[in-house]
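Everything on this sheet refers to the single structure shown next.
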Amino acid sequence: MAQISTKNIVEPKSSDKVLYYYKLIKHEPLANKCHPLGTQGATSGTNTATLVTTQTKQFNIKDTGSINQQRVVNIILTNGDGSKTDVARDLYYAWEHHESIGLWRVDWNTVHMSGSKQVVNSEYSECKISALPETEALNTVISQNITFEVTGIARRYDEDGNPFVMGEEEFDDGMFSTVAKFYNFTLPSQIGADASGNVADNSSDDSHGGDSSATVKLGAATDNTGAGTQAAGAGTQAAGATSNS
């Protein structure tokens with residue numbers, strides 16, 4: 001009888017899970033982690049190489065030359081988004097002073113365990129900003145659709161074809177466990193107006209702040225068939241021993 005193979009569940013790689021992070025490498029200390037590049041809209045990347053064509057009487061011979069790469073990020077400017085840096089200021093400063101920015105492209109579709117810790121596939125490049133457009137259209141938010149010009153070649157894989165990865169310790173607090181969180185769970189006594197009339201938020205990272213006793217553990221085993229079978233077997237043996245006596 002022919003055996004029918006089953007198919008794996010196919011899940012798409014979501015483009016919404018590809019996010020960009022940065023660091024002002026000429027100004028920030030080594031201890032600083034990478035920061036989210038603001039609230040991000042559509043992103044894209046181009047990877048091209050100069051095409052060289054040599055014509056012959058029979059056919060064309062083609063080869064590729066120098067590599068050129070760009071990373072494009074549509075940055076939506078927001079207030080109170082939890083960022084630890086002033087993204088708009090940092091980008092303008094880097095553009096004005098012709099400075100390189102450390103840019104990380106992180107694919108959150110790829111979170112996995114490496115040894116005993118969680119890691120995610122990442123790409124690193126050092127980039128210049130040649131144009132800094134600021135879109136201020138009617139009835140919409142201010143945005144900056146920035147093309148980051150990659151110097152050299154972006155580093156995504158090593159020479160063995162293995163992806164480079166980053167761990168939780170390389171990101172600002174709370175960024176690894178959730179990348180779309182504008183605020184933490186907050187008690188009424190933790191948020192409100194202070195004496196100066198400004199909003200004060202005294203909440204803390206809620207990544208592990210829930211009550212574990214209020215529900216079953218996420219991913220807990222629910223199949224107790226083995227335990228039940230063992231218990232039934234023990235009961236049968238006990239009954240047999242009683243009958244024999």
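Look at K128 and E99 and you find no salt bridge, because none of the NZ, NE, NH1 or NH2 atoms lies under 4.0 Å from a carboxylate O. Comment: E123 engages R156 in a salt bridge, judged by a side-chain N to carboxylate O separation of less than 4.0 angstrom.
In this structure, the side chains of S125 and R105 stay at 4.5 Å or more apart for every pair of heavy atoms. Taking 4.5 Å as the limit, some side-chain heavy atom of I61 sits within range of a side-chain heavy atom of T56. When side chains are defined from C-beta on, H112 counts as touching V119, because their heavy atoms get closer than 4.5 Å. Considering only heavy atoms from C-beta on, N145 comes within 4.5 Å of V72 through its side chain.
In this structure, Y157 places its OH atom where only 12 or fewer heavy-atom neighbours from other residues, nucleotides or ligands lie under 6.0 Å away. Under a cut-off of 6.0 angstrom, the local environment of CD in E96 is crowded, with over 12 non-hydrogen atoms contributed by other residues, nucleotides or ligands.
Each of F148, F171, Y124 was evaluated against W104; a single residue qualifies, Y124, per the ring pair (Phe, Tyr, Trp, His ring centres under 6.0 Å) test.
At distances below 3.5 Å, at least one donor-acceptor pair connects side-chain atoms of K23 with backbone N or O atoms of P29. A donor-acceptor contact shorter than 3.5 Å is absent between the side chain of E28 and the backbone of I25. Checked by atom type and distance alone, the side chain of N109 pairs as donor or acceptor with a backbone atom of S14 at under 3.5 Å. The closest donor-acceptor contact from the side chain of D160 to the backbone of N162 lies at 3.5 Å or more, if one exists at all. The backbone N or O of A42 sits nowhere less than 3.5 Å from a side-chain atom of S44 that would complete a donor-acceptor pair.
Hydrophobic cluster membership is shared by V73 and I142, with clusters built from Ile, Leu, Val, Met, Phe, Trp and Tyr side chains linked at under 4.5 angstrom. Grouping the Ile, Leu, Val, Met, Phe, Trp and Tyr side chains by contacts below 4.5 angstrom, directly or via other members, places Y93 apart from Y20. Transitive grouping of hydrophobic side chains (ILVMFWY, heavy atoms separated by less than 4.5 Å) brings L103 and L132 into a common cluster. V150 and L24 are not part of a single hydrophobic cluster, where members link through side-chain heavy atoms under 4.5 Å apart. One hydrophobic cluster holds both I101 and I75 under the rule that ILVMFWY side chains link at heavy-atom gaps under 4.5 Å.
Within the model, atoms OG1 of T54 and NZ of K62 stand 11.0 Å from one another, a figure rounded to the nearest 0.5 Å. Interatomic distance, CD of E134 versus CG of L91, reported as 9.5 Å (0.5 Å rounding). Note that CG of D107 is 8.5 Å distant from OG of S122, once rounded to the nearest 0.5 Å. How far CG of L30 is from CG of N32: 9.0 Å, rounded to the nearest 0.5 Å. Rounded to the nearest 0.5 angstrom, E168 CD and Q118 CD are separated by 7.5 Å. Taking CG of N74 as the reference point, atom OG1 of T43 lies at 9.5 Å (rounded to 0.5 Å).
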Determine whether E149 and R71 satisfy the following criterion, salt bridge (Lys or Arg N to Asp or Glu O under 4.0 Å), listing intermediate values before the conclusion. CA-CA 7 Å; E149 300 288 346; R71 300 291 177 258; over 6 Å; no
Verify side-chain hydrogen bond (donor to acceptor under 3.5 Å, both in side chains) between T46 and Q70, making sure each step is shown before the conclusion. CA-CA 5 Å; T46 59; Q70 295 88 22; 2.2 Å; yes
V106 and W108: CA distance, side-chain angles, deciding distance, side-chain contact (heavy atoms from CB on, under 4.5 Å) verdict: CA-CA 6 Å; V106 180; W108 292 100; 3.6 Å; yes
How far apart are the C-alpha atoms of Q69 and I153, what are their side-chain angles, what is the distance that settles it, and do they pass the side-chain contact (heavy atoms from CB on, under 4.5 Å) test? CA-CA 7 Å; Q69 295 176 295; I153 302 175; 3.8 Å; yes
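Checked against a 6.0 Å centroid threshold, the rings of H35 and Y21 do not count as neighbours.
Considering all non-hydrogen atoms of both residues, S143 and I76 come closest at CB-CD1, 3.8 Å. Considering every non-hydrogen atom in both I146 and A131, the closest pair reads CG2-O, 4.2 Å. Of all non-hydrogen atoms in T85 and Y22, the two that sit nearest each other are OG1-OH, 2.9 Å.
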